[in-house]
Amino acid sequence: LFKNNFIKPNPKIKIKSIAKSIIFIFLNLFKSKTKEELYGLIYANFIYIKYIAWYEYFKDKNIANMIYDYDLLFSKPLSLALESLKIKTIALQERPITSWWNNYGVIVDTYLFGGKLFQEMGSKNECINFNHSFNFGMWRLSFFNDKNLIKLENSCFLSSSKLTPLDFR
């Protein structure tokens, strides 16, 4: 979608959004008891500003669905904006091991898991937020079913030369 220039991502941050964010910081400043909490408040406001920018950008677009890969790297403010606008999002699980991770989050409407075990574990993971999920299987392995590929039993991993480990410098 972005490659074909149907959508040129250029969200603009409005002064109104920044002003609301600064007011929010000042209203909640007294609640911060440590500098880490203050950093968290400021960080949350940066996420809020990005969210508002993406929301404003997409609110007039005629988009019903968006499919994206690299689920972990997809912008969380953008995910929140799309969900807020009721734009259905579909994501492929890039790395199935992330079903167990709690330090990366995914926000998506429909999540395509890399297998049944990963779907079961991802359903229990509170950092993976989805409305619907499917066991899509190991989709990348389907590329290896091509008949033109060299068969593993016809491969030899031994070197034909008589080099020893000491010959490498």
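Heads up: numbering here begins at 1 and tracks the sequence.
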| query | Is the Y68 ring parallel, tilted or perpendicular to the F74 ring (thresholds 30°, 60°)? | reply | parallel
| query | Quick one: are V106 and F130 in side-chain contact, heavy atoms under 4.5 Å? | reply | no
| Expected output: side-chain Q119 to main-chain G115 donor-acceptor under 3.5 Å | no
| Are F58 and L78 close enough that some pair of their side-chain heavy atoms sits under 4.5 Å apart? | yes
| task | Check side-chain contact (heavy atoms from CB on, under 4.5 Å) between I107 and all other residues, then give those that pass, not counting sequence neighbours. | result | S79, L80, E83, N129
| field | Near-ring test F113/Y111, centroid separation under 6.0 angstrom | value | yes
| said: Using every non-hydrogen atom in the two residues, find where K31 and E37 come nearest and quote the distance to one decimal. | reply: O-OE1, 3.6 Å
| said: Using only atom types and a distance under 3.5 Å, with no angle test, would you say the side chain of E94 pairs donor to acceptor with the backbone of D71? | reply: no
| query | Mind checking whether C127 and W101 have side chains closer than 4.5 Å, heavy atoms only? | reply | no
| request: Give the cluster check for I47 versus L82: same hydrophobic cluster or not, with ILVMFWY residues linked at side-chain heavy-atom distances below 4.5 Å. | output: no
| task | Could you tell me the separation between the NZ atom of K20 and the CG atom of L27, rounded to the nearest 0.5 Å? | result | 12.5 Å
| query | Above 12 or not: heavy atoms from other molecules or residues under 6.0 Å from CD of E36? | reply | yes
| remark: Between G105 and K76, the two heavy atoms sitting closest are O-CE, 2.7 Å
| From I90 CD1 over to T110 OG1, what is the distance, rounded to the nearest 0.5 angstrom? | 5.5 Å
| In Å, rounded to the nearest 0.5 Å, how long is the span from CG of N135 to NZ of K116? | 8.5 Å
| Transitive ILVMFWY side-chain link L29 to I42, under 4.5 Å | yes
| Check: N125 and W100 side chains under 4.5 Å, non-hydrogen atoms | no
| task | Return the minimal non-hydrogen interatomic distance between S21 and Y48, and the atom names on each side. | result | CB-CD2, 4.4 Å
| query | Y39: what forms a side-chain contact (heavy atoms from CB on, under 4.5 Å) with it, not counting sequence neighbours? | reply | K35
| request: Please round to the nearest 0.5 Å and tell me the distance separating atom CD1 of I52 and atom CG of N45. | output: 11.0 Å
| Cut-off 3.5 Å, side chains only: do T89 and D109 have a donor facing an acceptor? | no
| Should the pair W54 and Y57 be assigned to parallel (<30°), tilted (30 to 60°) or perpendicular (>60°) ring geometry? | perpendicular
| field | Joint hydrophobic cluster, I49 plus F26, side-chain heavy atoms closer than 4.5 Å | value | yes
| request: Any chance you could measure L92, atom CG, to I67, atom CD1, to the nearest 0.5 Å? | output: 8.0 Å
| said: If you compare all heavy atoms of K59 against all heavy atoms of E56, which two are closest, and at what distance to 0.1 Å? | reply: NZ-OE1, 2.9 Å
| query | Going from OG1 on T98 to CD1 on I128, what distance comes out if it is rounded to the nearest 0.5 angstrom? | reply | 5.5 Å
| Taking the side chain as C-beta and beyond, is there a heavy-atom pair between L41 and I25 under 4.5 Å? | yes
| said: Applying a strict under-4.5 Å side-chain criterion to I, L, V, M, F, W and Y, I'd like to know whether I22 and F30 cluster together. | reply: no
| For the residue pair Y51 and S84, what are the closest heavy atoms and their distance? | OH-OG, 3.0 Å
| task | Would you check if P77 and F46 make a side-chain contact, meaning some heavy-atom pair closer than 4.5 Å? | result | no
| Without hydrogens or angle criteria, can the side chains of E120 and S99 be said to hold a donor-acceptor pair below 3.5 Å? | no
